[in-house]
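None of the values given here were measured: they were computed from a predicted structure. All ligand and atom numbering here is 1-based and tracks the order in the structure.
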Amino acid sequence: MIERSRNIVISLVFFVSVSHTAQPSAPAPIAAPLRELPWGQLNFLHTTDTHGWHGGHLQEPSFSADWGDYISFAKHLRDRADLDGSDILLIDTGDRVEGNGLYDASEPKGKYTFDIFKEQTIDVICSGNHELYKRNSSENEFNKTVPFFKGNYLSSNIDIYSPVSGVLEPLAPRFKKFTTKNQGIRILAFGFLFDFKGNANNTVVHTVEETVNEKWFKEAILDRDVDLIVVIGHVAIRSKEYDLLYQTIRTVHWDTPIQFFGGHTHIRDYKIYDSKSVAIESGRYMETIGFMAINGLHTPKNDASNAAAELNFARRYIDNNLYSLRYHSRKNESTFTTEHGLQVSRTITKARKALELDRTHGCAPQDFWVNRVPYPSNNSIFTLLENGILPSQLSTATRAAEGHKGLVITNTGALRFDIFRGSFTKDSTFLVSPFTSGFRYIKDVPVQSAKRILELLNNEGPVLSRLPHANDLRSRQLGLPSQMDGLPTFSRSEADNFEHIRGDSQAVLEDDQDLTPGYTTKDDAGTDGDDTIHSSIAFYDIPNCIQAGIGFELTPDGWGSTFSASVYNDEPDVVDVIYNEFIERYILLALEYLGENYEENDTEAYLHGKTLTDIITDWVSVNWPPDDNGSCP
Ligand SMILES: *[C@@H]1O[C@H](CO)[C@@H](O)[C@H](O)[C@H]1NC(C)=O
Ligand SMILES: *[C@@H]1O[C@H](CO)[C@@H](O)[C@H](O)[C@H]1NC(C)=O
Ligand SMILES: *[C@@H]1O[C@H](CO)[C@@H](O)[C@H](O)[C@H]1NC(C)=O
Ligand SMILES: *[C@@H]1O[C@H](CO)[C@@H](O)[C@H](O)[C@H]1NC(C)=O
Ligand SMILES: *[C@@H]1O[C@H](CO)[C@@H](O)[C@H](O)[C@H]1NC(C)=O
Ligand SMILES: *[C@@H]1O[C@H](CO)[C@@H](O)[C@H](O)[C@H]1NC(C)=O
Ligand SMILES: *[C@@H]1O[C@H](CO)[C@@H](O)[C@H](O)[C@H]1NC(C)=O
C-alpha cells in the first residue's frame with residue numbers, strides 16, 4: 001500500500017485517438033497504472049531476444065511500440081542523464097534474428113532489419129544462438145552488425161572463420177574497458193553465449209568453462225582499476241554458465257560490483273547473487289525493455305562525495321508501448337517522438353509494405369490461444385488444428401485421396417504464437433508457424449503401434465528420456481532437427497512469469513477488474529518489477545504433441561495426467577503415420593520402442609512436403625475468407 005502511493009501513478013488520461021508513432025496499424029496503447037523508473041547514478045536499458053519484432057506487436061496494445069519509438073525513448077533518457085549528471089547505457093543480448101516476417105519474409109533474410117537495428121546506439125551488444133545457426137547469418141554479424149557497433153559488440157567465447165581470409169578469429173573483441181560519460185565509472189565488460197553446440201561449422205563456440213581458463217580472461221579480470229564489471233550474455237541468468245562466471249570473477253574481485261544481463265529463456269527475471277552482484281533478464285520479442293539502476297558506485301571522480309553512499313540495485317520491466325515510454329521519459333504525445341525515431345518507424349513501415357506483411361489471408365472469427373486456455377477447448381489453437389485444419393488439409397494428399405487412412409502427429413511447439421481475432425495476415429503466418437520443415441510419412445504402420453506413439457511422446461517416459469532436449473517438442477522456439485541443441489524449454493519458463501494455473505497464485509490487487517491482463521513477474525526482489533500493474537494471466541499445461549485422424553475419426557479420451565491414447569471409430573488395420581519433419585527422430589524412436597523398426601529411408605514427403613505454415617495459410621484462406629476488398633470486418 002505504501003509502495004503504491006509512493007511509486008504508482010494512476011493516470012486519468014485515455015488515448016482515444018489512434019495518433020501515435022508506432023506502426024500505422026498498431027493498436028493505441030491503453031492507459032494503465034505505472035510504477036516509476038527507479039532512476040539512479042548509472043542506468044541501463046536492456047533488450048534481448050527481439051527475434052525480428054522491431055516493428056512491435058501489431059495486435060497487442062501492451063507491446064505496440066516499435067524500434068523507432070525505442071530510439072526516441074533512449075534519446076530522452078540520455079538527455080535526462082546529461083542534465084542530472086547520471087549515466088545511461090544500452091545493452092542488447094542477442095537473438096535479434098528469426099521469428100518475425102520483418103526478418104524472415106525477405107530474400108535474403110534480414111534484408112531490412114540490419115539497417116533498422118543499427119540506428120539505435122547500443123553500448124554493449126553480443127550474439128545469440130540464432131545468429132549462428134546458418135553460415136550466412138553469422139557472416140551477417142561479421143560483415144554488418146560487428147562493424148556497425150564497432151568496439152561495443154563483444155564476443156568473449158565465439159570465433160568465426162572469416163569469410164574474407166578463411167582464418168579462424170574472434171567474431172568481435174573479447175571484452176572492453178570504458179569509462180562512462182558523466183560519472184566517470186570505469187567498467188570492464190564481457191559478452192558471452194551459453195554453451196551452445198548447434199551452430200554451423202563456420203563458427204566455434206568455446207564453453208564458458210574453457211573461456212574462464214583462457215589467458216586473456218584471467219588477465220582481463222586482474223585489472224584493479226575497475227568500478228563495475230558488466231557481464232552481458234545470451235545466457236539464462238539462472239545457469240551453470242553464469243554461476244561459473246560469477247564465482248570466477250569473485251575469486252579475483254571479492255567485492256567489486258558485478259551487473260549481469262541475460263537472455264535466451266524469454267522470461268522477465270532478476271537474480272541476486274550477493275549484495276554487490278545481480279542479474280536481469282528482459283523477456284522476448286520487443287515486449288519488454290529492461291531497466292536497471294545502480295547507486296553508490298565508487299569512482300575516482302566521485303569517491304569522496306559518494307563514499308558513504310550504500311550500493312544498491314533496482315530493476316524495472318517496461319511494457320514496450322507508447323503510454324509507458326512517454327510516461328517514463330516525461331514526454332507527451334506531441335513531444336515524445338524524435339526526428340530520428342520517426343525516420344526509423346517510417347523505414348520499418350516501408351519494409352513491411354515491401355514485404356506485404358499486412359496482406360490479409362483471412363479473418364479469424366475469435367482468438368485462438370497457445371496456452372492461455374485449457375487444451376482441448378474451443379479457443380485452443382491445438383483443438384482448431386486437430387479438429388479443423390489438419391484433417392481437412394491433409395485429406396487432400398494423394399495418399400489420402402487413394403483411400404489410405406492416416407494418423408498425423410505434430411508437436412505443439414510447432415505453433416509459436418496465438419491467433420488473434422481479426423485479420424490473419426502474411427505477418428501472422430511467420431508469427432504463428434515460422435517453421436520451414438515439411439510433412440513426411442511412413443506408410444502402412446500397424447494401427448496397434450501407431451495409436452500408441454502419442455502416448456509415448458507425451459509421457460516423460462522411455463522414449464523421451466533417450467533424447468536430449470525432449471521438452472523442445474513443446475517449446476515454441478525456432479529450429480530444425482539439427483538445431484535442437486541448446487534450445488530452451490520455453491513454455492515452462494514463460495509460464496513461470498505469470499500466475500501458473502497449477503502453481504501458487506499471487507495476491508490479487510483490490511481493483512483487479514480495472515487492470516489489463518499482462519506480466520505479473522515474481523523474481524528475487526519481489527513482485528514489484530513490472531512497470532505496468534496488470535491482472536495476472538492464467539497459463540495451462542499443454543501436451544508435447546497432438547494428433548488427428550485422416551480419413552477416420554478420433555475421439556480423444558482426454559490427455560489428463562498420462563496424455564493417454566485415443567479411442568478410434570472405424571479403425572483400420574494399418575495407417576500412414578504422418579508428422580512434421582521436426583519430430584522425425586522422435587517418431588522413429590517411439591516406433592522402435594513399440595517393436596516397429598523403420599529407418600529414415602522408409603519415410604517420404606507427404607503433401608509434396610508442404611509445411612504446417614502452408615497448410616494453415618491455405619485453410620485460413622478457404623475457411624475464413626476476407627471480404628472482396630481483402631479486408632476484415
Ligand atoms: C542464407 O542463404 C539462403 C540460401 O541461399 C537464403 O535463403 C537465406 O535467405 C540466407 N539467409 C541470410 C541470413 O542471408
Ligand atoms: C560477407 O562478406 C564476405 C566478403 O566480402 C563475402 O564473401 C560474404 O559472402 C559475405 N557474407 C554474406 C552472408 O553476405
Ligand atoms: C563445414 O562443412 C562443410 C560441408 O558440410 C565442409 O565443406 C567444410 O569444409 C566445413 N568447414 C569446416 C571449417 O570444418
Ligand atoms: C506536451 O508538452 C508540451 C511541453 O511541456 C506542452 O507545451 C504541450 O501542450 C503538451 N501537449 C499535450 C498534447 O499535452
Ligand atoms: C464448442 O463448440 C461446439 C460447437 O460449436 C459447441 O457445441 C460447444 O458447446 C462449445 N464448447 C464450449 C466449451 O464452448
Ligand atoms: C535403409 O537404411 C538402412 C540403414 O541406414 C540400410 O540398412 C537399408 O539397406 C536401407 N534400405 C534401403 C531400401 O535402402
Ligand atoms: C470494398 O470497397 C469499395 C470501395 O471502397 C466499397 O464501396 C465496398 O463497400 C467495399 N466492399 C466491402 C465488402 O467492404
Side-chain angles (χ1 to χ4, degrees), residues 49-54 92 94-118 125 127-150 153 155 158-172 193 196 198-204 234 351-352 354-357 426-427 429-430 433-438 440-445 477-483 576-577 581 584-589 591-593 595-605 609 611 613-614:
D49 298 83
T50 51
H51 285 288
W53 288 74
H54 305 112
D92 183 84
D95 275 10
R96 295 171 286 275
V97 304
E98 298 185 340
N100 186 291
L102 188 61
Y103 177 88
D104 290 291
S106 64
E107 187 52 53
K109 291 179 191 299
K111 185 173 162 190
Y112 302 98
T113 50
F114 292 100
D115 286 335
I116 291 164
F117 192 84
K118 78 164 202 290
I125 177 172
S127 173
N129 52 308
H130 277 266
E131 279 82 4
L132 308 185
Y133 279 122
K134 303 252 166 68
R135 164 186 282 269
N136 54 4
S137 47
S138 55
E139 287 189 359
N140 279 337
E141 295 301 291
F142 184 90
N143 289 355
K144 296 179 182 171
T145 314
V146 171
F148 286 157
F149 294 97
K150 196 168 175 45
Y153 197 126
S155 160
I158 303 169
D159 293 333
I160 187 167
Y161 287 94
S162 158
V164 185
S165 65
V167 174
L168 189 67
E169 56 182 74
L171 173 63
L193 174 62
F196 174 56
N199 50 315
N201 72 356
N202 68 318
T203 53
V204 175
H234 193 76
R352 290 183 50 84
L355 295 167
E356 300 187 303
L357 295 181
K426 182 176 174 192
D427 199 23
T429 63
F430 289 99
S433 175
F435 294 91
T436 51
S437 59
R440 299 187 69 78
Y441 78 109
I442 304 167
K443 68 172 64 144
D444 299 336
V445 177
Q477 282 288 316
L478 288 173
L480 297 167
S482 62
Q483 300 175 352
D576 292 343
V577 171
E581 192 178 356
E584 181 164 278
R585 56 185 177 139
Y586 295 90
I587 298 280
L588 292 175
L589 204 57
L591 282 168
E592 185 190 324
Y593 182 81
E596 309 286 348
N597 286 309
Y598 294 98
E599 305 279 348
E600 265 175 51
N601 55 13
D602 298 312
T603 71
E604 282 176 54
T611 65
T613 315
D614 301 330

Does any part of the side chain of E98, heavy atoms only, come nearer than 4.5 Å to the side chain of F430, both counted from C-beta? no
Could you tell me if the side chain of K118 sits less than 4.5 Å from the side chain of T145, heavy atoms only? no
Counting heavy atoms only, which part of [X] comes closer than 4.0 Å to ligand 1: side chain, backbone, both or neither?
X	value
F114	neither
E107	side chain
V97	neither

If we count only N and O atoms by modelled type, under 3.5 Å, do the side chains of D614 and T611 hold a donor and an acceptor together? yes
Check: S138/N202 side-chain N/O donor and acceptor closer than 3.5 Å: yes
Of all protein heavy atoms, the one nearest atom 14 (O) of ligand 6 is N601 ND2, 3.3 Å
Measure the distance from atom 3 (C) of ligand 2 to every protein heavy atom, then report the residue, atom name and distance (to 0.1 Å) of the closest one. N143 ND2, 3.7 Å
Report, in ascending order of atom number, the atoms of ligand 2 lying under 4.0 Å from any heavy atom of E139. 8 (C), 9 (O), 10 (C), 11 (N), 12 (C), 13 (C)
For ligand 2, which atoms sit closer than 4.0 Å to a heavy atom of N140? 13 (C)
Got a protein heavy atom sitting under 4.0 Å from atom 8 (C) of ligand 1? yes
Does atom 5 (O) of ligand 1 have any protein heavy atom closer than 4.0 Å? no
Hey, are E600 and R440 close enough for a salt bridge, meaning a charged N less than 4.0 Å from a carboxylate O? no
Can you confirm, on distance only, whether ligand 1 has an N/O atom lying under 3.5 Å from any N/O atom belonging to N136? yes
Looking only at N/O atoms, are S137 and ligand 1 under 3.5 Å apart anywhere? no
Counting neighbours of NZ on K111 that are heavy atoms of other residues, nucleotides or ligands and sit closer than 6.0 Å, is the number greater than 12? no
Just verifying a value: how many Å separate E592 CD and N597 CG, rounded to the nearest 0.5 Å? 5.5 Å
Rounding to 0.5 Å, atoms CG (D427) and CH2 (W53) come to a distance of 7.0 Å
Is the distance between the ring centroids of F142 and Y161 under 6.0 Å? no
Show the atoms of ligand 1 that are less than 4.0 angstrom away from any heavy atom in P108. 9 (O), 14 (O)
Can you sort out which atoms of ligand 1 are near Y103, meaning under 4.0 Å from one of its heavy atoms? 13 (C)
